[in-house]
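The structure under discussion appears below in the form of structure tokens.
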Amino acid sequence: MESFSSTSITDFFNALSCPDEKIENWPMFYNHVLRSLMSVSPIFPPVSQLQLLPINAIKNNQYNPNKMATPESKLLYISIEKDGMTMPIVVTHGERKDEFILIDGFHRYELVKNNQELQQIKGYIPAVIIEKSTLEDRMASSVRHNVARGAHQVELSSSLVMQMKAWSKRRICTELGMDKDELLRLKQVSGQAEYFKNEDFSSAWE
């Protein structure tokens with residue numbers, strides 16, 4: 001197998017560019033190259049499959065479970081301003097091929113969308129695409145991403161879980177990494193313990 005040095009790869013890409021080439025064409029080129037690489041060797045984790053997506057093609061979800069106070073929002077702005085976008089947002093495909101639904105990174109998305117000075121490539125934002133076809137799958141993924149960062153509010157978690165009506169209690173616990181007592185406490189804290197009326201939480205629960 002032929003080996004490639006970093007210099008030869010750089011020379012290859014330099015040969016493809018023209019001095020008057022519009023920068024808008026580079027996100028498309030970048031995405032195409034990366035997708036081609038992933039199709040040949042699809043063993044890399046999702047974060048390795050970073051895409052540059054048009055900001056206007058991304059829709060916010062209707063269940064955002066995380067809030068950010070003003071000081072933290074200002075700090076996030078400064079972080080992106082000084083360090084650039086170091087953490088991509090997470091999206092899934094929408095109903096149309098060119099449409100995406102936000103799963104994680106609401107505050108980064110809103111800041112970059114509303115402040116063009118934070119857009120290193122105007123009109124685009126770095127994103128990782130994962131496949132979550134159902135509403136319940138998308139909500140569960142949003143919860144997991146937020147909980148992993150310790151940023152998920154109890155009240156909003158409960159509200160979100162209540163919307164997962166298509167899932168059994170057992171599946172909710174499995175998908176969100178909770179045990180049955182944690183799920184019960186989540187409902188009790190929010191005053192939604194009635195949801196568990198006649199619910200069997202024995203070891204044989206379905």
Side-chain angles (χ1 to χ4, degrees), residues 1-64 66 76-77 79-149 175 177:
M1 179 181 294
E2 184 180 358
S3 61
F4 293 91
S5 68
S6 59
T7 301
S8 63
I9 294 175
T10 301
D11 290 342
F12 170 74
F13 282 105
N14 285 337
L16 294 175
S17 63
C18 300
D20 59 346
E21 187 72 21
K22 292 183 178 180
I23 195 171
E24 303 93 79
N25 294 334
W26 279 98
M28 183 183 302
F29 176 71
Y30 167 86
N31 291 341
H32 176 73
V33 170
L34 198 60
R35 284 196 298 266
S36 298
L37 176 62
M38 293 303 114
S39 67
V40 174
S41 182
I43 61 173
F44 296 102
V47 72
S48 302
Q49 305 176 42
L50 187 69
Q51 297 282 286
L52 297 172
L53 300 181
I55 295 176
N56 292 334
I58 300 169
K59 291 185 176 181
N60 187 26
N61 60 59
Q62 301 302 311
Y63 56 81
N64 179 44
N66 189 20
L76 179 58
Y77 178 96
S79 173
I80 298 176
E81 179 185 41
K82 300 295 185 183
D83 302 325
M85 189 93 174
T86 60
M87 294 180 62
I89 63 172
V90 181
V91 302
T92 189
H93 284 101
E95 295 182 0
R96 301 196 313 268
K97 184 178 180 180
D98 60 348
E99 178 184 272
F100 302 91
I101 301 174
L102 189 65
I103 287 181
D104 183 64
F106 171 78
H107 303 291
R108 278 164 281 155
Y109 164 73
E110 284 291 313
L111 279 174
V112 173
K113 178 182 178 181
N114 297 320
N115 298 275
Q116 289 193 3
E117 67 274 15
L118 298 181
Q119 299 172 19
Q120 290 181 285
I121 299 180
K122 299 300 181 185
Y124 288 85
I125 189 170
V128 170
I129 305 172
I130 59 177
E131 298 302 331
K132 300 294 177 182
S133 58
T134 69
L135 176 62
E136 287 80 10
D137 284 330
R138 294 195 293 270
M139 289 192 293
S141 185
S142 292
V143 173
R144 287 192 295 266
H145 277 85
N146 281 285
V147 169
R149 291 194 303 272
E175 294 286 343

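Owing to the predicted nature of the structure, the values given are computational and were not obtained by experimental measurement.
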Distance check, rounded to the nearest 0.5 Å: [X] atom [atom1] versus [Y] atom [atom2]?
X: Ile55; Y: Glu110; atom1: CD1; atom2: CD; value: 10.5 Å
X: Gln49; Y: Ile129; atom1: CD; atom2: CD1; value: 9.0 Å
X: Trp26; Y: His32; atom1: CH2; atom2: NE2; value: 12.5 Å
X: Phe100; Y: Ile125; atom1: CZ; atom2: CD1; value: 12.5 Å

Please check if the number of heavy atoms outside Glu117 that lie under 6.0 Å from its CD is greater than 12. yes

CD of Glu95: more than 12 outside heavy atoms within 6.0 angstrom? no

Can you check whether [X] reaches [Y] side chain to side chain, under 4.5 Å on heavy atoms?
X: Asn61; Y: Arg138; answer: no
X: Val91; Y: Leu102; answer: yes
X: Ile80; Y: Asn115; answer: no

In short, salt bridge (charged side-chain N to carboxylate O under 4.0 Å, His left out) pairs touching residues 47-62 with sequence neighbours left out are Lys59-Glu99

Closest approach of [X] to [Y] (non-hydrogen atoms, all atoms of both residues):
X: Leu34; Y: Ser48; answer: CD2-O, 3.8 Å
X: Pro126; Y: Leu52; answer: CA-CD2, 4.1 Å
X: Lys132; Y: Arg144; answer: NZ-NH2, 3.8 Å
X: Ser141; Y: Ile130; answer: OG-CD1, 3.7 Å
X: Tyr124; Y: Pro27; answer: CE2-CB, 3.6 Å

Let's go through Ile58 and Tyr109 carefully: what are the C-alpha distance in whole Å and the side-chain angles of both, what is the deciding distance for side chain to side chain contact (heavy atoms under 4.5 Å, CB included) to 0.1 Å, and is it a yes or a no? CA-CA 9 Å; Ile58 300 169; Tyr109 164 73; 3.8 Å; yes

Who are the side-chain hydrogen bond (donor to acceptor under 3.5 Å, both in side chains) partners of Asn56, not counting sequence neighbours? none

Contacts of Thr134 meeting side-chain hydrogen bond (donor to acceptor under 3.5 Å, both in side chains) (sequence neighbours excluded), chain-then-number -> Asp137

Could you please spell out the steps behind the side chain to side chain contact (heavy atoms under 4.5 Å, CB included) verdict for Leu50 and Val128? CA-CA 5 Å; Leu50 187 69; Val128 170; 4.1 Å; yes

Determine whether a donor-acceptor pair (N or O, by modelled atom type, separation under 3.5 Å) exists between the side chain of [X] and the backbone of [Y].
X: Arg108; Y: Met87; answer: yes
X: Glu81; Y: Leu118; answer: no
X: Asn31; Y: Gln51; answer: no

